[in-house]
Amino acid sequence: MSLAWKRVMSVSLKIISRPLSVRRPNDPALLTREEAATFLGVSVSSLAHWSMAGTGPVFIRVGRRAWYREAHLRSWMADQVPARMGGSA
């Protein structure tokens with residue numbers, strides 16, 4: 001078997017062996033970025049942009065995925081209310 005063929009087979013096996021659903025860490029209270037975006041009523045890309053800019057809600061990085069706690073999302077939303085409307089910001 002040629003080296004190129006072995007490489008193709010190796011990549012194919014990696015793709016096939018990936019889980020079809022997201023594997024959650026051992027904390028069921030964690031939300032995926034998609035679930036957090038739905039909770040906040042924003043797009044996933046907005047949430048990703050905010051996290052890169054450091055202006056979004058606190059998240060936990062596990063591997064390549066970002067995970068959010070509902071309590072952190074609620075706290076972040078409360079901080080977004082302007083002071084003139086009764087918020088702390």
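Sequence positions, counted from 1, serve as the residue numbers for this chain. Note that the structure is predicted; figures quoted are calculated from it, not measured.
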query: So do V62 and I60 actually touch side chain to side chain, heavy atoms under 4.5 Å?
result: yes
4.5 Å side-chain heavy-atom contact, L47 and P57: yes
Residues that R33 engages under salt bridge (Lys or Arg N to Asp or Glu O under 4.0 Å), provided they are two or more places apart: none
Spacing of [X] atom [atom1] and [Y] atom [atom2] [to the nearest 0.5 Å]:
X	Y	atom1	atom2	result
W67	L31	CH2	CG	9.0 Å
L73	L40	CG	CG	5.0 Å
E70	E35	CD	CD	10.5 Å
S43	H49	OG	NE2	10.5 Å
L30	Y68	CG	OH	11.5 Å

field: Residue list, side-chain contact (heavy atoms from CB on, under 4.5 Å) with T55, at least two apart or on another chain
entry: W50, A53
- prompt: Out of curiosity, does V42 fall in the hydrophobic cluster containing F39 (side-chain heavy atoms, cut-off under 4.5 Å, transitive links)?
  reply: yes
task: Quick one: closest heavy-atom pair of S51 and F59, and the distance?
output: CB-CE2, 3.4 Å
